[in-house]
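Just so we're on the same page: letters track the sequence lines, and every chain starts at 1. Just so you know, these numbers come straight off a predicted model, no measurement behind them. Heavy-atom basis, side chains included; hydrogens, waters and symmetry copies ignored.
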Protein chains: 2
Amino acid sequence: MPAEAKTAAKAAQPPVRAAQPVNPPLTERQEARRRRILHASAQLASRGGFDAVQMREVAESSQVALGTLYRYFPSKVHLLVATMQDQLAHMHGTLRKKPPSGDTAAERVSETLMRAFRALQREPHLADAMVRALTFADRSVSPEVDQVSRQTTVIILDAMGLDDPTPAQLSAVRVIEHTWHSALITWLSGRASIAQVKIDIETVCRLIDLTSPQD
Amino acid sequence: MPAEAKTAAKAAQPPVRAAQPVNPPLTERQEARRRRILHASAQLASRGGFDAVQMREVAESSQVALGTLYRYFPSKVHLLVATMQDQLAHMHGTLRKKPPSGDTAAERVSETLMRAFRALQREPHLADAMVRALTFADRSVSPEVDQVSRQTTVIILDAMGLDDPTPAQLSAVRVIEHTWHSALITWLSGRASIAQVKIDIETVCRLIDLTSPQD
DNA sequence: CGGTAATCTAGAACAAGTTTCAGACTTGAT
DNA sequence: ATCAAGTCTGAAACTTGTTCTAGATTACCG
């Protein structure tokens with residue numbers, strides 16, 4: 001009964017924090033450990049994708065005991081989702097510096113997503129590990145996955161140039177995110193070409209014009 | 001190196017067939033075994049979702065040795081994707097009997113998908129197992145996943161009432177499928193409500209009007 | 001500084017997916 | 001009916017994610 005075990009109550013275990021806002025403030029050494037772990041995770045993922053991220057190897061690479069790794073990230077999926085948060089933050093920073101240049105919101109969003117897509121293409125294995133973890137995550141990872149989703153939403157709204165989206169616009173953004181994730185999956189598993197992903201993104205971005213024809 | 005091992009060449013092993021068209025014709029007893037396995041799989045999945053489908057249990061429930069189970073379905077994901085093909089075929093049959101009644105293609109598609117969604121809601125654990133397997137599937141399962149995708153496409157085109165879709169319409173259908181899968185995932189992992197899934201489906205279905213305004 | 005609670009380490013142990021193997025059983029062709 | 005080839009079985013072994021434990025280390029409080 002591993003499913004039950006997972007939800008079983010535990011004693012104190014601080015290092016598992018929800019997101020950017022540190023839950024329990026980490027000491028410097030702890031912060032360093034956390035960084036080492038995330039770095040090792042990304043490195044192994046870059047090599048061979050989801051399967052190559054083996055918890056024992058991550059622990060060894062980051063010079064941390066296996067038990068400690070599990071204290072910081074309660075499962076492999078948690079670890080990879082955290083890795084994704086990390087990468088997303090990077091990307092958001094990069095994107096901010098060079099905002100998309102399109103005339104319409106739809107163009108800017110699809111330009112932004114295609115830029116992100118090209119970044120992922122440079123590290124396809126890493127992309128594989130992160131995206132598979134994201135879609136495989138069960139309820140126990142919901143808060144973290146949700147955080148990734150919110151982050152993505154912010155990036156898209158940024159590209160649209162919106163501060164105060166209407167509900168209809170938020171629906172469109174959600175649908176764009178769905179398409180983005182799922183299209184990535186089909187590409188990663190070799191069932192769709194890069195060109196097809198591009199078309200799908202451009203197609204779904206037209207929904208934006210549908211919800212804000214005044215732009 | 002399990003990744004390599006998985007792709008290693010094997011000797012003869014017929015029962016693994018691609019889809020409906022039997023690759024090597026199965027004997028009656030083999031067909032029966034296959035049915036028993038799929039039935040056990042669906043049954044266990046209905047109880048506890050992805051995690052509850054344990055290969056040893058499936059083997060025991062279906063009165064087949066573990067090795068045989070693996071000869072029929074080379075991995076747990078293959079098994080669950082095959083289970084999904086099975087259920088999809090059912091559903092397609094059911095849908096055919098009561099075609100959607102909406103006036104526009106968009107309405108009919110979203111009506112169809114919502115009907116499928118309600119069916120999934122009746123067996124949320126089974127849905128969980130199938131959808132998680134589908135999105136977690138790696139390249140080794142691509143043919144089977146693709147078959148599921150094609151089947152889904154047929155269902156949607158059916159609902160649209162189209163025989164000969166344009167490329168633009170096919171893109172729209174792909175985007176709808178992306179949204180469908182991803183929205184299901186967010187619902188299954190408790191990050192979106194049923195109402196939200198409904199809205200997302202209706203939103204994406206508007207893309208149809210965009211690609212065939214003459215309908 | 002001393003003590004105590006929390007944290008970390010090494011390593012064993014466990015769970016479930018997957019592989020392997022020897023021997024029994026089926027099938028299909030002669 | 002018989003033989004060869006292919007299948008199925010039961011059981012053990014192997015892999016990797018996850019949990020557990022006992023003892024060392026560290027952080028913090030007075």
Practice prompt. Check the distance between C:dA10's P and A:Glu60's CD and give it to me in whole angstrom.
Written response: 10 Å
Item to complete: Check whether any side-chain heavy atom of B:Gln169 lies under 4.5 Å from a side-chain heavy atom of B:Leu157, and answer yes or no.
Response: no
Worksheet entry | Under-4.0 Å side-chain N/O to phosphate OP1/OP2 contact, B:Gln30 with C:dT27 | no
Worksheet item: Base, sugar-phosphate, or nothing: which does A:Gln63 touch, judged by heavy atoms less than 4.0 Å apart?
Response: sugar-phosphate
Discussion item. Whole angstroms only, please: what is the CD-P distance between B:Glu28 and D:dC8?
Written reply: 15 Å
Item to complete: Might you confirm whether atom NE2 of A:His92 has over 12 heavy atoms from other residues, nucleotides or ligands at distances under 6.0 Å?
Response: yes
Practice prompt. Report the nucleotide, chosen from D:dT7, C:dG17, C:dC8, that has the shortest atom-to-atom distance to any side-chain atom of A:Tyr72.
Written response: C:dC8
Discussion item. As a test of reading the structure: which of D:dT18, C:dG28, C:dG17 is closest to the side chain of B:Tyr70, going by heavy atoms?
Written reply: C:dG17
Discussion item. Measuring from the side chain of B:Arg33 (C-beta onward, heavy atoms only), which nucleotide among D:dT18, D:dT9, C:dC8 has the closest atom?
Written reply: D:dT9
Response to the item:
Rounded to whole Å, the CD-P distance (B:Glu57 to C:dA16) equals 9 Å
Worksheet item: Within this structure, what is the NE2-to-P distance between B:His78 and C:dT19, rounded to whole angstrom?
Response: 11 Å
Listed pairs, N/O of protein and of nucleotides 10-12 of chain D, under 3.5 Å:
none

Fill in: Candidates C:dG17, D:dG17, D:dT7 - which lies nearest the side chain of A:Met55
D:dG17
Fill in: Interatomic distance, A:Arg34 CZ vs C:dC8 C1' [rounded to whole Å]
17 Å
Practice prompt. Select base, sugar-phosphate, or nothing to describe what B:Val53 touches, counting heavy atoms under 4.0 Å on all strands.
Written response: sugar-phosphate
Discussion item. Regarding B:Asp158 and B:Arg108, does a basic nitrogen lie under 4.0 Å from an acidic carboxylate oxygen?
Written reply: no
Worksheet item: Got A:Gln54 and A:Leu44 here, is their nearest side-chain heavy-atom distance under 4.5 Å?
Response: no
Worksheet item: Do A:Arg115 and A:Glu111 sit within salt-bridge range, that is, some charged N less than 4.0 Å from a carboxylate O?
Response: yes
Practice prompt. Would you kindly give the CG-to-P distance between B:Asp51 and D:dG17, to the nearest whole Å?
Written response: 15 Å
Item to complete: Could you tell me whether A:Glu60 and A:Arg56 make a salt bridge, using a distance below 4.0 angstrom between a side-chain N and a carboxylate O?
Response: no
Practice prompt. Establish, for the pair B:Lys76 and B:Phe136, whether the NZ or CZ atom is under 6.0 angstrom from the six-membered ring centre and no further than 45 degrees off its axis.
Written response: no
Worksheet, complete the sentence: Looking only at D:dC8, D:dG17, C:dA16, the nucleotide nearest the B:Arg71 side chain is D:dC8
Practice prompt. Take atom CG of A:Asp138 and atom C1' of D:dG17, then tell me their distance rounded to the nearest Å.
Written response: 14 Å
Practice prompt. Rounded off to whole Å, could you give me the NZ-to-P distance for the B:Lys76 and C:dA16 pair?
Written response: 9 Å
Discussion item. Need to verify one output field. Residue with the more 5' nearest nucleotide on DNA chain C, B:Thr27 or B:Phe50?
Written reply: B:Phe50
